[in-house]
> 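Pasting a structure here, questions to come.
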Amino acid sequence: MSDARVFDYSNRFTVEYVFRIIALEGVERVMYEPTPVQITDLTLRDGHQSLLATRVRTEDLLALAPGLDGLGLWSIEVWGGATFDVMTRFLNEDPWERLRLLRKAAPHTPLQMLLRGQNLVGYRNYADDVVEEFVRRVADNGIDVFRAFDALNDERNLVTAMDAVKRSGKHLQAAVCYSLTEHKLGGPVYTVDYFVDKALTLQDMGADSICVKDMAGLLSPDDAYDLIFSLKAALDIPVALHSHATSGMAPASFLKAVEAGVDILDTCLAPLAMRTSHTAVETIVAALRGTPRDTELDLDRIFELDDVLEGLAPKYRDYLVDTGFSVIDTAVLRHQVPGGMFSNMVAQLKEANALDRLADVYAELPQTRKDLGYPPLVTPTSQIIGSQAVSNVLFGRYKVVSEQVKAYVFGLYGRPPAQVDPEVEAIILKGYERGEKPITCRPADVLDPELEAAKRDVADITSDTEDVLTYVLYPTSGMRFLRWKYGLEVPPEETRGKTLEDIRREDEAFEQARSGSLGATPEVLTSQPKETESPPPEETETAAGTPLLAPMPGTLIRYLVEIGDEVRAGDGICVLEAMKMENVLPAPEDGKVIVINLQPGDKVQVNQTLAVIG
């Protein structure tokens, strides 16, 4: 015992841990002083993002916040991820106001957000001036814990965000995205050493704690033990574990992580737990009760919150995916597709009337991912890989390539974990406006400042910096939201959402229909609320020539040509946004642009004529 080395693992947000490395028959073992497992609750952010398409409205989150605030949680995740996009795009709610209201409703518990590094809460890297101002504003509005990650585990994409968080005086929890190339840890990229090296780098960069972010529920119990054991032995800061319940392994993996000394676990209230969401907090509290690692949370108070949530949840039942009886998807262990990525691909195939090609997309996904350097499948890389796999199946391999895929291969998202296939790289970057050879520097180093130009763009609507940031993050949907916010446009009816009274009337109508007492067919919603706005604009008369047809539905972002321009086959004609990806559609033949049918922002249907080349 005299050879034992003592390490002090302490942090202002957690209980102190003391680890002892003890030499025993030539094998070093890590022993720890058992202390309560801390809990981060995800119900108000990732819980409804995972199960209800992020549609829970601020008023209902506020009904839960005070109760969560009284539980003694390590933190409550309330913001970031997809919330910003969905609120402005579909709910007509201001994300900044939600944060302020939740801060008032839960004043005693640290509030947490998910920050996508240089991507912030968007789908591309933003300039440093945007990142710095965004973090400052978020900290001022009430976030205490910033969980920052990069989709490629490229720490260069975290430098500016991490520095901004540290300057704000808030807790910086740096996350490592968990992924696999095999069925278990190992293989060409994702090993225990890979994750420990990444975590040590983040610790050296100033992280106050480290999170293992398992987006698809791929972490098996034995790998959880080995990984957490190794991280606790190597690091001087606390370790959190985030693992979706998609495969059903998360609760077992959590218990093995507890054995290995994990400090913090991510959970949700039971009504928004399991399936593609997270382990129920009730499960962990009950499993650890009376043990040396008892969470010390009050189950009865949690049950009261469950009742509140059960009363609110029916308003969002249309968003709950109900495609089978099973609440787990063990197929995720084969295709490694997170729930959000799966729903995006299904929606893309439905809109293209090609849902019967889903099996082909599953078969294509591993090859597309390998081609593009085995990135972890988390926003935004999950959308990039998923959309490209769909395009490869529908239109031929790399015949249609989104602007995001080009930017990814060029290096604007960072350095992939493995090399991009050289032949695929050449195809994708051929004729790319930024160059045909990828950059090797930090991506943000090639980005010009954005804030001042954005201020000018919205100057006739608002001068508020938070509004400017909303526009920078989402120029199309953000601008539309600002026009709604300031009364320049009327928000569409579907942004209103359902009330419990709506649900009551639906249930009464269904019961009458089932009993045969319904005299006339009522107007009730029997599927997810429509999120299309107005019908697509009528096309102008098609002149003689070859039409450029929309290969998929979406939104026209801009034309790259004008009437009268001479083009060659393959030249970009317009940019179509579909499933959050921007796709440059090429000219079908050499000729002159003789018809342009639409305006930027118009909705586009599949096979709609966008332009005519004559």
Side-chain angles (χ1 to χ4, degrees), residues 348-349 351-354 357 360-361 364 367-368 371-372 384-385 387-412 420-438 536-614:
Q348 192 173 356
L349 289 169
E351 290 179 347
N353 296 318
R357 304 295 302 277
D360 296 333
V361 172
E364 171 63 26
Q367 185 59 50
T368 301
D371 290 345
L372 298 181
I384 289 172
I385 300 300
S387 293
Q388 188 58 55
V390 171
S391 294
N392 285 352
V393 167
L394 295 183
F395 313 118
R397 304 200 81 236
Y398 304 106
K399 298 296 185 183
V400 173
V401 178
S402 72
E403 287 298 285
Q404 282 78 4
V405 171
K406 293 177 184 178
Y408 169 89
V409 173
F410 186 68
L412 292 180
V420 174
D421 182 277
E423 292 184 6
V424 172
E425 176 186 296
I427 292 171
I428 290 174
L429 294 183
K430 183 179 179 180
Y432 185 47
E433 59 185 11
R434 289 180 175 269
E436 297 187 355
K437 184 178 180 181
E538 294 184 5
E539 301 177 13
T540 58
E541 184 176 350
T542 302
T546 301
L548 170 62
L549 302 178
M552 63 192 83
T555 301
L556 182 72
I557 301 300
R558 63 186 177 277
Y559 280 98
L560 305 176
V561 296
E562 297 179 352
I563 291 177
D565 285 354
E566 294 285 345
V567 296
R568 297 183 63 83
D571 288 349
I573 298 298
C574 62
V575 179
L576 179 70
E577 181 191 58
M579 300 309 298
K580 303 175 184 176
M581 297 289 109
E582 293 185 2
N583 303 276
V584 174
L585 302 185
E589 63 178 24
D590 297 350
K592 180 184 294 186
V593 179
I594 57 175
V595 172
I596 287 179
N597 277 340
L598 306 177
Q599 297 292 326
D602 285 347
K603 294 296 181 183
V604 176
Q605 300 298 319
V606 66
N607 291 325
Q608 186 172 359
T609 299
L610 305 176
V612 178
I613 311 299

> Residues two or more places apart in sequence or in another chain: which of them pass side chain to side chain contact (heavy atoms under 4.5 Å, CB included) with Asp571?
Val567, Arg568
> So, Glu582 side chain and Gln404 main chain: donor-acceptor pair closer than 3.5 Å or not?
no
> Compare every heavy atom of Ser402 with every heavy atom of Asn583, then report the nearest pair and how far apart it is.
OD1-CB, 3.3 Å
> Would you say that Leu598 contacts Gln608 through its side chain, given a criterion of any heavy-atom pair below 4.5 Å between the two side chains?
yes
> Between CG of Leu412 and CD of Glu403, what distance do you get to the nearest 0.5 Å?
10.5 Å
> Stepwise, does the side chain to side chain contact (heavy atoms under 4.5 Å, CB included) test hold for Val361 with Leu349?
CA-CA 9 Å; Val361 172; Leu349 289 169; 4.0 Å; yes
> side-chain hydrogen bond (donor to acceptor under 3.5 Å, both in side chains) with Tyr559: which residues, sequence neighbours excluded?
none
> Please report the shortest heavy-atom distance between Gln605 and Ala550, naming the atom on each side.
O-CB, 3.5 Å
> Taking only residues two or more places apart in sequence or in another chain, which ones pass side chain to side chain contact (heavy atoms under 4.5 Å, CB included) with Leu560?
Arg558, Val575, Val584
> Quick check against the 3.5 Å criterion: does Asp602 have a side-chain atom that pairs as donor or acceptor with the backbone of Leu556?
no
> By side-chain hydrogen bond (donor to acceptor under 3.5 Å, both in side chains), which residues pair with Glu566, not counting sequence neighbours?
none
> How would you list, by chain and number, every residue that makes a side chain to side chain contact (heavy atoms under 4.5 Å, CB included) with Glu589, sequence neighbours excluded?
Thr546, Ile613
> Do the side chains of Leu372 and Ile428 get nearer than 4.5 Å, heavy atoms only?
yes
> Look at the side chain of Tyr432 and the backbone N and O of Val409, then say whether any donor-acceptor pair between them is shorter than 3.5 Å.
no
> Do any N or O atoms from the side chain of Gln388 and from the backbone of Val401 form a donor-acceptor pair under 3.5 angstrom?
no
> Give a yes or no on whether a salt bridge exists between Glu433 and Lys406, defined as a side-chain N under 4.0 angstrom from a carboxylate O.
no
> At what distance, to the nearest 0.5 angstrom, does CD of Glu577 lie from CE of Met552?
11.5 Å
> Could you check Ile573 against Leu585 for side chain to side chain contact (heavy atoms under 4.5 Å, CB included), going step by step and ending with a plain yes or no?
CA-CA 6 Å; Ile573 298 298; Leu585 302 185; 5.5 Å; no
> Can you sort out the partners of Asp360 under side chain to side chain contact (heavy atoms under 4.5 Å, CB included), two or more places apart, ordered by chain and number?
Arg357, Val393
> Between Arg397 and Ile427, is any pair of side-chain heavy atoms under 4.5 Å apart?
no
> Looking at side-chain heavy atoms only, is the closest gap between Tyr398 and Thr368 below 4.5 Å?
yes
> Just by distance, do the side chain of Asp590 and the backbone of Ala569 share a donor-acceptor pair under 3.5 Å?
yes
> Which heavy atom in Pro586 sits nearest to a heavy atom in Gly570, and how many Å separate them?
CB-O, 3.6 Å
> Determine the minimum heavy-atom distance between Leu548 and Cys574, stating which atoms define it.
CD2-SG, 4.2 Å
> Which residue, Val606, Asn353, Leu576, forms the side chain to side chain contact (heavy atoms under 4.5 Å, CB included) with Pro553?
Val606
> For the side chain of Asn607 and the backbone of Leu549, is there at least one donor-acceptor N/O pair under 3.5 Å apart?
no
